[in-house]
Amino acid sequence: MDTRTIRSSLIILFIIVSCSGPHSNRDSIREISLAGPDTSLKSSTLPVPPLLRDLSQDKKRAQYELVVQRGSTEFFSGTSAATYGYNGNILGPTLRAKRGQEVIIRVRNRLREYTTVHWHGMLVPGNMDGGPHQVIPPDGEWRVRFRVSQPAATLWYHPHGLGTTAVQVYRGLAGLFIIDDSISDRLPIPSEYGKNDIPLIIQDRRFSSDGVPLYLTGMRDIMEGMKGETILVNGVIKPFLRVSATRYRFRILNGSNARVFDFKLSTGGTFYQIAADSGFLHRPHLTRSIRLSPGERAEILVDFSSFKEGDTLRLVSDYFTILEMRVGAKSSDPTSIPATLAPRASLPLSAVRRTRVFHLEGMGHMVSINRKQMDINRIDEYVKKGDTEIWTITSSTRGMMGMGMMRGTGGIVHNFHAHGIHFLILDRNGTPAGPGEQGWKDTVLLDEGERVRVITRFLYRGIFMYHCHILEHEDNGMMGQFKVD
Ligand code: C2O
Ligand code: CU
Ligand code: CU
């Protein structure tokens, strides 16, 4: 048997096994749990990624230095694991720039393998995007220069090498990139970074019994993408945050490889969503939950003022505790929630020049977009700078064998992310986008069989990726390239 035949046999075996029980999905997650002494683990204070020092003397510019390096991290005390980080052992510092500023970044690669640094959500020319074409060899360096020309948002950066994105992100490479503008500067919402404006990089990992992260240990990981049973927030397990009984803003990034989170408060209470991936919503959206797939971000406001000193709340998702919040004393709170946050984002339907369809399909190694797998020497779509288009995205996990065998496997979803553009969701299965999806987006989740239409405009020239942000799917070829001329 060649490897393809073996692979197909394994896939079929997997389907049989995973369809054999009504709750097979949950049960097998428990079964394969190899987590270390998670329950006995003491919680630790939530670390906040430091703001990277801006080396520029000139207000018109922000100048940063990033070193991609090897390090080690003690996820469980007493055992250290090999990790990767930017300027440190794991994750990276937060970069920050203002709309209109020029950003200069020197990236040095001190790994023993090549990497790239992609600015996820940043509108930049193709050659500054950090996708698979901007390879930085070991000991190499990449000089980045672009002007920020987009609204305030919480973006992020991560590696994007061809076939190596998933494993390098899993090793620890990810950081935030915050954009400010004159609108965000004037909002009365919490905005003291690390004090009442708290970034949360949320990821899941699987640990061996001796506390070392494990990668791709089972068939399910290959089919669905790598999901772990232990949650990391800003790189640590079981964190807690002391909050005063005031309003807080959380900038949430789902930085996991494959897991979709449904964030809720343990009280079942409400909170406001104020931003989607690439910018503020027009109005704060009162909700009890937020669903984020890998790569997506949301900003939320949580008001602790009705809680007593000593109360504890948790941010949860399914059966996971993400973050414990310990309420302290009341203090005066100068912040408020404005009726409107930013102008309503819109693009004129009348300007639409054409429509394209992107069909996401398959699982495991059989993933594809429009029945094709990534070929770095092939451009899949040619578009014109300045044009407005509608992109229709559809998703199916069953298509690979054309027999609808995938029903009941549950855990496989796809999402769609594109570089170099922002988009607005027109509708989902014919129904207008929900209030939490009405701002600028760059990544959108699709459930099995869903159809999402987005409108976008191309502002920068170059070659850009579109792909599923389930990182194992991306690395298995669920990616294509569009060229803007
Ligand atoms: Cu977050 Cu193409 O990436
Ligand atoms: Cu991206
Ligand atoms: Cu996918």
Side-chain angles (χ1 to χ4, degrees), residues 92 115-124 126 128-134 150 153-166 168-170 173-177 201 203 221-227 253-260 277-278 292-297 358-370 373-374 376 393-400 406 409 411-423 440-448 450 452 456 460 462-482:
T115 192
T116 84
V117 183
H118 167 57
W119 321 106
H120 178 131
M122 195 74 77
L123 301 178
V124 294
M128 291 293 138
D129 177 67
H133 294 279
Q134 284 86 46
Q150 66 192 82
T154 304
L155 314 180
W156 66 303
Y157 60 97
H158 64 78
H160 216 299
L162 198 64
T164 63
T165 301
Q168 289 194 354
V169 171
Y170 199 79
L173 293 176
L176 294 176
F177 202 137
I201 301 173
Q203 301 172 304
D221 306 335
I222 294 164
M223 304 308 286
E224 297 179 10
M226 182 64 205
K227 287 183 231 171
L253 161 67
N254 182 348
S256 63
N257 282 32
R259 186 177 291 283
V260 176
D277 297 335
S278 273
L292 293 183
S293 66
E296 287 186 293
R297 289 89 64 212
F358 297 87
H359 184 54
L360 315 175
E361 201 169 62
M363 58 173 71
H365 292 276
M366 321 275 284
V367 285
S368 63
I369 300 181
N370 293 340
Q373 291 200 327
M374 173 71 178
I376 197 152
I393 307 141
T394 60
S395 170
S396 131
T397 51
R398 290 176 237 183
M400 58 174 254
M406 302 304 132
T409 51
I412 299 165
V413 293
H414 298 302
N415 66 10
F416 183 85
H417 165 58
H419 296 202
I421 57 170
H422 289 167
F423 51 73
W440 288 111
K441 295 275 295 167
D442 54 57
T443 308
V444 60
L445 173 64
L446 286 96
D447 270 327
E448 167 75 45
E450 281 200 312
V452 169
T456 189
Y460 289 96
I463 295 172
F464 299 98
M465 306 296 131
Y466 56 85
H467 59 89
C468 177
H469 218 288
I470 307 297
L471 298 181
E472 285 72 22
H473 290 176
E474 175 193 326
D475 281 351
N476 283 335
M478 200 167 190
M479 180 155 70
Q481 308 189 89
F482 67 102

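Predicted, not measured: the structure shown is a model, and the values here were computed from it. In listed order, ligands and their atoms are each counted from 1.
The closest approach of His120 to atom 1 (Cu) of ligand 1, by N/O/S atoms, is made by ND1. Within His414, the N/O/S atom positioned nearest the Cu ion (ligand 3) carries the name ND1.
Here His469 does not reach the Cu ion (ligand 3): none of its N/O/S atoms is less than 2.8 Å from the metal. Put simply, His469 stays out of reach of atom 2 (Cu) of ligand 1, with no N, O or S atom under 2.8 Å from it. Coordination check, His417 versus atom 1 (Cu) of ligand 1: failed, since every N/O/S atom of the residue sits at 2.8 Å or beyond.
Side-chain rings of Phe177 and Tyr157 stay apart, their centers remaining 6.0 Å or farther from each other.
Looking only at side-chain heavy atoms (C-beta outward), Phe423 and Trp440 stay at 4.5 Å or farther from each other. Annotation: side chain of Phe358 is in contact with side chain of Asn370 (closest heavy-atom distance under 4.5 Å). The shortest side-chain heavy-atom distance between Thr164 and Asp475 does not fall under the 4.5 Å cut-off.
An angle of 130° is found at the Cu ion (ligand 3) between Cys468 atom SG and His473 atom ND1, rounded to 10°. Rounded to 10°, the angle that NE2 of His160 and NE2 of His467 form at atom 2 (Cu) of ligand 1 is 110°.
Exactly one of His419, His120, His469, His422 qualifies for a side chain to side chain donor-acceptor pair (under 3.5 Å) with Asp442. That residue is His120.
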_Intermediate values then yes/no, ring pair (Phe, Tyr, Trp, His ring centres under 6.0 Å), His467 and His160_ = CA-CA 11 Å; His467 59 89; His160 216 299; 5.0 Å; yes

